[in-house]
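Taking it in order: structure first as structure tokens, then the write-up.
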Amino acid sequence: MGQPSQKGQDNLVRVIVIDDNPEIHNDFKQILQHSPSSSHLDGLEDFLFDGDNAHRDQFASELNYELSFATQGQEGVQMVKDAILQKKPFVQAFVDMRMPPGWDGLETIENLWRVDPTIQVVIVTAYSDYTWRDISDRLGDTGNLLVLKKPFDSVEVAQITNTLARKWKFAQQARLRMHDLNNMVQTRTHELEIARQRAEASCAIKGEFLANMSHEIRTPMNAIIGFSEMLMDDELKQEQHEFVETINDAAKNLLCIVNDILDFSKMEAGKLHIAKEPTDIESVLDSIEALHRFSAQQSGIEFSVNRLTSMPDVMMTDPTRLRQCLVNLLSNAIKFTREGHVKLNVSQETIKDIPVMQFEIEDTGIGIEQDKLGLIFEAFSQADTSIIKDFGGTGLGLSITKKLVELMGGKISLTSEFGVGTTFTLRLPLGMPVGGVHDSHANESSQKLLCADHQYSGTVLVVEDAISNLKIITKLLERMGLEVVTAADGMQAIEAVEKQPFDLIFMDMQMPVMDGYTATAQLKKMKIKTPVIALTANVMVGDREKCLKAGCDGFVTKPIDRHDLIATLDTFLLNKVTA
């Protein structure tokens, strides 16, 4: 035979005949290397291929047999091993059943399949040494095994060989395809894993940036808001009072922008916590009314909070987030209303047998064009971009409000007419039947927080490295009757505690030398009973938990809210309040 073509090489079928009779070897050479052309063979091929001569000729042209021979089982198995090492495996093995003095056919096949589990095997035998059941019990059920009786017919051998060759070829193609698919899956999985890691890294960087930004902005804002509020408490000229008030309003607006960005980031990460607790609705409405009445008067518009139905004593919701939603909507309404009124209409409704609280924020402001209503709740979008120029804003407030309402189990909608006004309707589940237990303690606390003349006695340690922050917290505490000792870092705080007792410790968490987390943990190891209150500008998800885990007993954020500070003092200096 001449050198096979590349196509022939690609379709080469390697066959090994393991038989101790050399005449059998010659028979296989005659059958497989010289294609039979008798009419009998042609008839069988026509029958096998349904008379499709073109298919038969194509099939025959695809096959190029290369024969190898062994006279004993051990020799044949070694040849199969060598072929695998050379990456030229045999496709088929014709194995004689009796080959004295070595292995018989079954033992040979067992060893062949240990070496190459994919090789197709045909048992060639003239004797019935084993039944098919015996063979199956020994070798197992397999689709890679046939039995050929001696004396065999040349056409039968050719057809078996061709069929097994095609089967092996298809199996190889399937294995290659599966290998390619596995590689594709692994590659894609690897790419997705890299993308996930990059996304997580990007999210972590974003979170770290937002946390640092928040901390760096809140630190100076603490001083701006704190000192401006102190100045407003003092006797000032009318013009001076207006200047300070403007500074204070601008700082609080900036704080709202920072809070909006942080809230939006928390929502994107799915880490915004929504509480569900008994809430005094009247207390919420009173604080909302007090907060917005002055800004409405400054804008020259009418403002009112109207209770259209009787109010339940309590509502199961998140009071902080409810207040945030109403403040956002009312602040926008007042901001975008130049004349007329802004009203908050509150009522209890029943929708599909479910009691809900309905809050309507109605204004006679600029209104929204109909084709822009669909954009109003989208993040970083405002119905008219000129609004940003005229009134300011991040474009996040309404998007955050909508998501907060949905997280609280409610819905928000709006109607608007350009140039006439807008009405936002917020519906929240009541969560508790009318006539629920009135939380008089919560209401009493709220009234206390509105008081401006709280006085205490005792000595407080303030640990803070920023001079402006140290001044503001010191002045606030001294004005409420407390003696204040200061420390610039955690190490100085420990030294101060070792020298004298304190009734309360306010601990900044981010400081040089020794930070607040380390200092608090050290103080707790010293078994001190003095409450430690975290005083921090870090307000990202997990910051409160991190402070409490370090041993802090309370948590006050910067800029310092006087109400939060008074609530903390009421809690931890309960027996220190002076008359």
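Scope of the values below: all heavy atoms of this structure, side chains included, with no hydrogens, waters or symmetry mates.
The closest side-chain heavy-atom distance from D363 to F424 is not below 4.5 Å. The shortest side-chain heavy-atom distance between Q324 and D318 does not fall under the 4.5 Å cut-off. Between F336 and I368 the shortest side-chain heavy-atom distance does not fall below 4.5 Å. You'll find the side chain of L477 reaches within 4.5 Å of the side chain of L569, heavy atoms only. Side-chain contact between H341 and E362: present, with at least one pair of heavy atoms (C-beta onward) separated by less than 4.5 Å. Inter-residue side-chain proximity for I560 and L535 is flagged as met; some heavy-atom pair is nearer than 4.5 Å. Contact of the D508 side chain with the V463 side chain is not registered, since no non-hydrogen atoms from C-beta on lie closer than 4.5 Å. Residues D570 and Y456 are in side-chain contact: their nearest non-hydrogen atoms beyond the backbone lie under 4.5 Å apart.
By the salt bridge (charged side-chain N to carboxylate O under 4.0 Å, His left out) test, E417 pairs with no residue at all, sequence neighbours left out. By the salt bridge (charged side-chain N to carboxylate O under 4.0 Å, His left out) test, E191 is found to be paired with R188, residues two or more places apart in sequence or in another chain being considered. In this structure, the salt bridge (charged side-chain N to carboxylate O under 4.0 Å, His left out) partners of R293, at least two apart in sequence or on a different chain, are E289. Under the salt bridge (charged side-chain N to carboxylate O under 4.0 Å, His left out) criterion, D180 pairs with no residue, sequence neighbours left out.
The environment of R196 atom CZ is dense: over 12 non-hydrogen atoms of other residues, nucleotides or ligands sit within 6.0 angstrom. Annotation: M526, atom CE; neighbour count of heavy atoms from other residues, nucleotides and ligands within 6.0 Å is above 12. Within 6.0 Å of CD on E239 lie no more than 12 heavy atoms contributed by other residues, nucleotides or ligands. Counted within 6.0 Å of CD on E339, heavy atoms from surrounding residues, nucleotides or ligands total 12 or fewer; the atom is thus considered open.
Counting only distance, with no hydrogens or angles, the side chain of T279 and the backbone of E277 share a donor-acceptor pair below 3.5 Å. The backbone N or O of F502 lies less than 3.5 Å from a partner atom in the side chain of T530, making a donor-acceptor pair. T422 contributes no side-chain N or O that, together with a main-chain N or O of S416, makes up a donor-acceptor pair within less than 3.5 Å. Checking side-chain atoms of T309 against main-chain N and O of E349 turns up no donor-acceptor pair under 3.5 Å. A donor-acceptor pair is defined here as one N or O able to donate and one able to accept, closer than 3.5 Å; no such pair exists between the side chain of T337 and the backbone of I334. Of the possible polar contacts, none joining the D515 side chain to the Q510 backbone as a donor-acceptor pair under 3.5 Å is found. Side chain of S295 to backbone of H292: a donor-acceptor contact under 3.5 angstrom is found.
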Stepwise side chain to side chain contact (heavy atoms under 4.5 Å, CB included) test for F572 and V460: CA-CA 11 Å; F572 294 98; V460 177; over 6 Å; no
Residues K524, D553; criterion salt bridge (Lys or Arg N to Asp or Glu O under 4.0 Å); working and verdict: CA-CA 11 Å; K524 293 300 178 180; D553 301 283; 3.0 Å; yes
Working for side chain to side chain contact (heavy atoms under 4.5 Å, CB included), residues L344 and L285: CA-CA 9 Å; L344 171 57; L285 296 178; 4.1 Å; yes
Side chain to side chain contact (heavy atoms under 4.5 Å, CB included) assessment of L326 paired with R323: CA-CA 5 Å; L326 294 177; R323 189 177 289 106; 5.9 Å; no
Side chain to side chain contact (heavy atoms under 4.5 Å, CB included) between L236 and F243, worked out: CA-CA 10 Å; L236 299 174; F243 289 164; over 6 Å; no
Salt bridge (Lys or Arg N to Asp or Glu O under 4.0 Å) between K402 and E406, intermediate numbers included: CA-CA 6 Å; K402 182 176 184 292; E406 291 172 349; 2.6 Å; yes
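For the atom pair L322 CG and M357 CE, the distance stands at 9.0 Å (nearest 0.5 Å). M316 contributes atom CE, which lies 6.0 Å from atom NZ of K276 (distance to the nearest 0.5 angstrom). The distance from the CG atom of L523 to the CD1 atom of I528 is 4.5 Å, given to the nearest 0.5 Å. Considering CD1 of I301 and CZ of R338, their distance stands at 11.5 Å, rounded to 0.5 Å. I361 CD1 to N328 CG: the interatomic distance, rounded to the nearest 0.5 Å, is 10.5 Å. Between atom CG of residue L428 and atom CD of residue Q358 there is a gap of 10.5 Å, rounded to the nearest 0.5 Å.
Shown here for N469 and I472, the closest heavy-atom pair between the two residues is O-CG2, 3.0 Å. For D280 against E282, the heavy-atom pair with the smallest separation is OD1-N, 3.1 Å. Minimum heavy-atom separation, G554 to L548: N-CD2, 4.5 Å. Contact detail for F418 and G367: the closest heavy-atom pair is CD1-O, 3.9 Å. Nearest heavy atoms, M511 versus G516: CE-N, 3.7 Å. Residues C552 and T520 share a closest heavy-atom pair of N-CG2, 3.7 Å.
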Donor-acceptor contacts under 3.5 Å from residues 478-499 side chains, at least two apart:
| unit_1 | atom_1 | unit_2 | atom_2 | d |
| --- | --- | --- | --- | --- |
| D489 | OD1 | M491 | N | 2.9 |
| D489 | OD1 | Q492 | N | 2.9 |
| Q492 | OE1 | A488 | N | 3.0 |

Name every donor-acceptor pair, under 3.5 Å, that has one atom in a side chain of residues 226-233 and the other anywhere in the protein, sequence neighbours excluded.
| unit_1 | atom_1 | unit_2 | atom_2 | d |
| --- | --- | --- | --- | --- |
| S228 | OG | I224 | O | 2.8 |
| S228 | OG | I225 | O | 2.9 |
| S228 | OG | N248 | ND2 | 2.7 |
| E229 | OE2 | K252 | NZ | 3.4 |
| D233 | OD2 | R562 | NH1 | 2.8 |
| D233 | OD2 | R562 | NH2 | 2.8 |

